[in-house]
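Below is one structure, written out as structure tokens; comments come after it.
None of the values given here were measured: they were computed from a predicted structure.
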Amino acid sequence: MTATQRRGRRIMMSAAEIDVFLAGHRTCRVATVSPDGRPHAGALWFAWDGTSLWLYSLVRSRRWADLRRDPRIAVVVDDGEDYGELRGVELSGSVDFVGEAPRTGVPHPELDTPERLFSERNFGLPAMPHDGRHAWLRLTPERVVSWDFTKMAAAAAGPEPGRS
């Protein structure tokens with residue numbers, strides 16, 4: 001194991017920390033694969049339900065077309081300005097298309113939770129406003145990588161007095 005890998009283990013978030021981090025953010029960067037193999041990245045709002053990342057994407061977008069052709073995706077959610085404040089999570093895998101496209105509000109029980117979470121966080125509304133231009137993508141990650149550089153400062157400070 002290299003030093004970088006050991007340090008990586010020290011700064012990675014626990015599953016509970018990842019859950020809290022994702023639930024507390026709303027903007028992610030989404031990377032897809034274009035037909036010529038080039039990556040395409042863009043920002044998008046999301047909802048995290050504790051298991052899956054739900055993306056509400058325009059169905060007439062390059063992202064949607066890319067994912068219809070190749071459902072592989074990587075998503076990054078991060079924050080921090082100074083080096084010692086940097087925190088983030090990268091989730092990758094393949095998306096599932098859930099519900100009608102575009103979404104018009106036809107009842108779909110699987111979307112009840114993500115639509116409630118998304119609407120409350122992003123619109124301050126108890127119910128999802130459907131515009132007939134967006135639809136849902138679900139990423140249940142196959143791989144999760146996380147980092148929390150604030151842990152380096154804590155480790156450098158050493159144990160709290162009275163602790164070993």
Side-chain angles (χ1 to χ4, degrees), residues 1-33 39-58 61-64 66-67 70-99 103 108-129 134-160 163:
M1 180 182 295
T2 67
T4 302
Q5 290 171 322
R6 282 193 300 272
R7 186 179 80 185
R9 287 182 183 228
R10 285 196 316 261
I11 65 169
M12 69 184 203
M13 294 183 205
S14 68
E17 289 170 328
I18 290 170
D19 194 46
V20 168
F21 183 81
L22 293 174
H25 287 74
R26 69 176 178 181
T27 305
C28 63
R29 282 173 275 296
V30 177
T32 59
V33 181
H40 172 256
L44 196 62
W45 281 349
F46 70 91
W48 173 251
D49 69 5
T51 303
S52 297
L53 196 76
W54 293 86
L55 305 164
Y56 198 53
S57 177
L58 285 166
S61 66
R62 181 171 169 188
R63 172 188 319 105
W64 191 269
D66 286 350
L67 291 169
D70 182 343
R72 292 178 300 162
I73 191 171
V75 177
V76 173
V77 180
D78 62 346
D79 69 13
E81 294 295 322
D82 294 328
Y83 182 79
E85 300 172 344
L86 299 176
R87 302 179 311 151
V89 178
E90 177 188 358
L91 307 105
S92 58
S94 296
V95 297
D96 295 310
F97 297 82
V98 182
R103 181 88 172 116
H108 198 289
E110 190 174 9
L111 293 174
D112 290 349
T113 297
E115 287 191 342
R116 179 185 50 77
L117 293 169
F118 191 91
S119 182
E120 287 173 354
R121 173 175 295 279
N122 297 313
F123 305 124
L125 300 171
M128 186 75 182
H134 291 79
W136 286 103
L137 303 165
R138 177 185 57 220
L139 170 61
T140 303
E142 297 165 12
R143 183 169 186 258
V144 177
V145 176
S146 66
W147 58 94
D148 182 350
F149 286 19
T150 65
K151 292 181 176 187
M152 289 190 323
E160 295 176 32
R163 296 195 136 182

**Prompt:** Given V76 and V89, is the side-chain contact (heavy atoms from CB on, under 4.5 Å) satisfied, shown in steps?
**Reply:** CA-CA 6 Å; V76 173; V89 178; over 6 Å; no

Atom pair [atom1]/[atom2] of [X] and [Y] - distance to nearest 0.5 Å:
| X | Y | atom1 | atom2 | answer |
| --- | --- | --- | --- | --- |
| Y56 | F118 | OH | CZ | 7.5 Å |
| L67 | S57 | CG | OG | 7.5 Å |
| T27 | N122 | OG1 | CG | 7.5 Å |
| W54 | D49 | CH2 | CG | 6.5 Å |
| L22 | L91 | CG | CG | 5.5 Å |
| I73 | D66 | CD1 | CG | 10.0 Å |

Closest heavy-atom pair and its distance - [X], [Y]:
| X | Y | value |
| --- | --- | --- |
| P114 | L111 | CD-O, 3.4 Å |
| F21 | D78 | CZ-CA, 4.0 Å |
| L139 | S92 | CD1-C, 4.1 Å |
| W64 | L137 | CZ3-CD2, 3.5 Å |

Do [X] side-chain atoms and [Y] backbone N/O form a donor-acceptor pair below 3.5 Å?
| X | Y | result |
| --- | --- | --- |
| S119 | A127 | yes |
| K151 | R10 | no |
| E120 | L117 | no |
| S61 | L58 | yes |
| D70 | R72 | yes |

Can you find a pair of side-chain heavy atoms, one from [X] and one from [Y], that are under 4.5 Å apart?
| X | Y | value |
| --- | --- | --- |
| F123 | M128 | yes |
| E115 | H108 | no |
| L55 | C28 | yes |

**Request:** Check the surroundings of atom CZ in R62: do more than 12 heavy atoms from other residues, nucleotides or ligands lie under 6.0 Å from it?
**Result:** yes

**Request:** Answer yes or no: is there an ion pair linking R87 with E17, defined by an N-O contact shorter than 4.0 Å?
**Result:** no

**Prompt:** Side chains of R138 and S52: donor-acceptor distance under 3.5 Å anywhere?
**Reply:** no

**Item:** W136 versus D96, side-chain donor and acceptor atoms under 3.5 Å
**Value:** no

**Request:** Could you walk me through whether L44 and R63 pass side-chain contact (heavy atoms from CB on, under 4.5 Å), step by step?
**Result:** CA-CA 10 Å; L44 196 62; R63 172 188 319 105; 3.8 Å; yes

**Request:** Determine the sole option in V144, D19, V145, I18 for which the side chain to side chain contact (heavy atoms under 4.5 Å, CB included) test with M13 is passed.
**Result:** I18

**Message:** So, applying side chain to side chain contact (heavy atoms under 4.5 Å, CB included) with V77, which one of R26, H25, E90 is it?
**Reply:** H25

